[in-house]
Amino acid sequence: MSTIQTTVSGVIAKVHVQPGAHVAVGDVIVTVESMKMEIPVEAEDAGVIDQMLVVEGQQVSEDQAVATWV
């Protein structure tokens, strides 16, 4: 099992996938709002989302895990 992590700190503006979703490289997992910009967090590998670790409106820090996948 691996994790998908944020690249910046901010607030989760949108969760794009749910557990069980099949994702391909480049699919957007969540969008983080930081300094009035929206930054997509994308899947770096293909897989299946096992668990979402964040919800919309949640504050996150840089390199925080947002999802696990297998």
Side-chain angles (χ1 to χ4, degrees):
M1 189 174 330
S2 298
T3 60
I4 299 169
Q5 299 174 308
T6 63
T7 55
V8 297
S9 60
V11 174
I12 300 295
K14 181 156 179 69
V15 174
H16 295 272
V17 297
Q18 297 301 319
H22 292 262
V23 295
V25 174
D27 284 355
V28 178
I29 307 303
V30 297
T31 300
V32 178
E33 185 177 307
S34 179
M35 299 174 62
K36 299 191 183 200
M37 295 182 352
E38 291 189 346
I39 296 100
V41 176
E42 300 175 346
E44 294 180 4
D45 293 304
V48 176
I49 299 297
D50 182 52
Q51 182 179 17
M52 291 304 297
L53 305 175
V54 296
V55 295
E56 291 180 9
Q58 180 177 337
Q59 187 77 30
V60 292
S61 57
E62 185 176 347
D63 295 327
Q64 180 173 335
V66 296
T68 59
W69 60 273
V70 291

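Reckoned from all heavy atoms, side chains included, excluding hydrogens, waters and symmetry mates.
- Side chains of Trp69 and Ile49 form a contact here, defined as non-hydrogen atoms less than 4.5 Å apart.
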Only distances under 3.5 Å count here; give the side-chain donor-acceptor pairs of residues 23-45 to other protein atoms, sequence neighbours excluded, each with its distance to 0.1 Å.
unit_1: Asp27; atom_1: OD2; unit_2: Ala24; atom_2: N; d: 2.8
unit_1: Thr31; atom_1: OG1; unit_2: His16; atom_2: NE2; d: 2.6
unit_1: Ser34; atom_1: OG; unit_2: Ser9; atom_2: O; d: 2.9

Using residues 53-65 as the side-chain source, report each donor-acceptor pair under 3.5 Å to any protein atom, sequence neighbours left out, with the distance given to one decimal.
unit_1: Glu56; atom_1: OE2; unit_2: Val15; atom_2: N; d: 3.1
unit_1: Gln58; atom_1: OE1; unit_2: Val55; atom_2: N; d: 3.1
unit_1: Gln59; atom_1: NE2; unit_2: Gly10; atom_2: O; d: 3.3
unit_1: Gln64; atom_1: OE1; unit_2: Ser61; atom_2: N; d: 3.0

